[in-house]
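Just below is one structure, and these are the notes that go with it.
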Amino acid sequence: MSQKKIELVCVHCHNRIPYDRPTPECPRCGESILRAEYDLDSLRHGNWAGRLPGHATSIWRYHELLPLHDTRHIVSMGEGGTPLIRAEQLGAMLGLKNLYLKDERQGPTFSFKDRQASVAISVMREMGVQEAVVASTGNVAMAYAAYAARAGIKLWVFLTSQVPGDKMREVALYGAEVIKVTGTYDEAKIVANRFARQKGLYEDRGIKSIAAVESMKTMAFELAEAFEGRAPDWFIQGVSGGMGPIGVIKGFEELKAIGAVDKIPAVGIVQSEGCAPMVTAWRAGQPIATPVENPTTVIATLSTGNPGRAYQLLYDVMTRYGGLAETASDEEAFNATRIVARTEGISVEPATAVMFAGLFKMARSGRIKPDDVVVANVSGHTFAVEKHILGDQWKRNLDVSQASGRINLPTEGILSALEQVRQDAHRVLIIEDNPDAARLVERVLRARGDYQVELAGDGAEGLRLARQNPPDLIITDIMMPNIDGFQVIEEIHHNEALREIPIIVLTAKELTAAERERLSGQISVWLQKGSSMDEDLLQGILSALN
Ligand SMILES: *Cc1c(COP(=O)(O)O)cnc(C)c1O
Ligand SMILES: [Zn+2]
């Protein structure tokens, strides 16, 4: 393979350095952030994008824009090329018509760090590195350890004690040396750096490592291909060091420069409430983040308290192309895990759940518009936290051992046993003439807990079902043909057997003063139907049932 023309450019003094050996800083001014630049002109004229269909399906499909000179040094396990999944249910719940999930769970170690590991370890191999050091909040460690094993590179991994034991064991399984640092992630990075210098070992420096940032571009390249040259309006990610969005946007910038994409997306970042230095700075309009000394989130992946220069780069990107920043509590994140799992069949790790919880807020507040094309970066698996999310009551036990000797199980017995275990579920009757709205409410309920839902398509049916088998709660629309919501509510109010049942009213429009007067004292809550009624609805239900 011919030598590619790649240069490193100092972001401070614009000094240009050839890219052929590990270069931790600008030899002229000492700046530690260098940017890789490629010969984009030749790609533009060579119709690079047009030739892609003939390339491999891993990230190495885009090798011309990756910082490796010789493809024989590639260490790959088919990373990248992940599915872009349209999230219709979740989108409907949030009022987003074009919500897509980039399913990075489907990589060798379940996160987008596989892209980073493949590029970083390949570059190490090309540069003759035999032993390396990395600090990690968990996912980098898993990915690097796996790829280093393939490349025969010895890896020293510094992890904080917050990283779940399951992840640490996997790192060790790949043969990496695991050093558990009792302290914050920022402290683990300092210890790793000192260790590397003392032993004279190559150190992967995250955002300051060329390979790491460059690898993230491949997500942009895949998105541009999937959307056929149009860029999404938003790229949303839970951030810790900020490398993901910075790399992804650099990818779009290069595509734009060679004419392969029409624009560059805006970036939405989400951080844990207990560790949100970048969100805090962004909200204050500041290009420099004040470090969080003692992160209080339990979500280790997102516990970078001091983002340093990375935030400045992110600030530039968000200022130039548009940005949103949100926080989410650990509790909100765990709730989001449940919602995403139950609406889309996708289980995500806590760092991704934080992203979703933030996305919910961005959509609900209208800062992301209903028609915007939104891509969310989805990683991880939930094994380590499922117990926490589900609590103790996640299964129903059904003992059929008594009957198992017989050939025909008595169906009646099983059914009535199921009836028994379902008895303490809350029974909710939804009276709603718009089937889409009814299904949405039903979905929200099912996603959020153990509710038994009955649907009635109009007022008359609703009343009939309520009389027949009084529910624990009624949710009713107001504007319905024939018997409308007002009549339903009055009828229930005058029925001795039903009058204690709490009622939640859903309306598409603001109620007039006269209408409110008519309902007062008869209903528990009224809610305006909207794009994102999930949280309000659930709150309404909980307060009505209590
Ligand atoms: C690494 C990681 C993050 C944080 O990524 P940065 O872009 O470096 O801030 C978020 N979520 C998951 C799942 C990760 O693995
Ligand atoms: Zn310089």
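Ligands are counted one by one from 1 in listed order, and the atoms in each one are counted from 1 as well. One is the number of the first residue; the rest follow in order along the sequence.
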Would you mind listing which atoms of ligand 1 come within a distance below 4.0 Å of any non-hydrogen atom of S379?
13 (C)

When H12, K208, R309, H14 are each screened for side-chain hydrogen bond (donor to acceptor under 3.5 Å, both in side chains) with E31, the one that passes is R309

With the Zn ion (ligand 2) at the centre, find the angle made by SG from C26 and SG from C13, to 10°.
110°

salt_bridge(R115, E214) N-O dist < 4.0 Å:
no

E7 bridged to R35 by N-O distance under 4.0 Å:
no

Are any of the side-chain nitrogens in E253 or R320 under 4.0 Å away from the carboxylate oxygens of its partner?
yes

Taking 2.8 Å as the cut-off, does an N/O/S atom of H12 lie below it from the Zn ion (ligand 2)?
no

Which of the ligand 1 atoms, numbered from 1, are nearer than 4.0 Å to a heavy atom of T301
2 (C), 12 (C), 14 (C), 15 (O)

Aromatic ring proximity W156/Y144, centre distance under 6.0 Å:
no

Is the closest heavy-atom distance from L302 to ligand 1 below 4.0 Å?
yes

Side chain or backbone, does G242 bring an N or O within less than 3.5 Å of an N or O on ligand 1?
yes

Hey, is ligand 1 close enough to P245 that some N/O pair sits below 3.5 Å?
no

Of the protein's non-hydrogen atoms, which lies at the shortest distance from atom 2 (C) of ligand 1, and what is that distance?
K113 NZ, 2.3 Å

Ionic contact status for E332 with K361, cut-off 4.0 Å:
yes

Would S240 count as being in polar contact with ligand 1, using the rule that some N or O on each side must be under 3.5 angstrom apart?
yes

Between R44 and A257, is there a donor-acceptor pair closer than 3.5 Å when you use the side chain of the first and the backbone of the second?
yes

Tell me which part of A351 gets within contact of ligand 1: side chain, backbone, both or neither, using heavy atoms under 4.0 Å.
side chain

Is any N or O atom of N139, backbone or side chain, closer than 3.5 Å to an N or O atom of ligand 1?
yes

Please state whether G206 comes within less than 4.0 angstrom of ligand 1, counting heavy atoms only.
no

Check whether any N or O atom of Q237, backbone or side chain, sits under 3.5 Å from an N or O atom of ligand 1, and answer yes or no.
yes

Return the residue, atom name and 0.1 Å-rounded distance of the protein heavy atom closest to atom 10 (C) of ligand 1.
G238 O, 3.1 Å

How close does the nearest protein non-hydrogen atom get to atom 7 (O) of ligand 1, and which residue and atom is it?
G244 N, 2.6 Å

Within 2.8 Å of the Zn ion (ligand 2), is there any N, O or S atom belonging to C10?
yes

If we only count N/O pairs under 3.5 Å, is M243 in contact with ligand 1?
yes

Spatial distance of atom CZ (R364) from atom CG (L96) [nearest 0.5 Å]
11.0 Å

Under 3.5 Å, side chain of K4 to main-chain N/O of H63, donor-acceptor pair present?
yes

Suppose we call two aromatic rings close when their centres sit under 6.0 Å apart. Are Y19 and H69 close by that rule?
yes

Closest heavy-atom pair, P67 versus I210, reported as atoms and distance to 0.1 Å, is CB-CG2, 4.1 Å

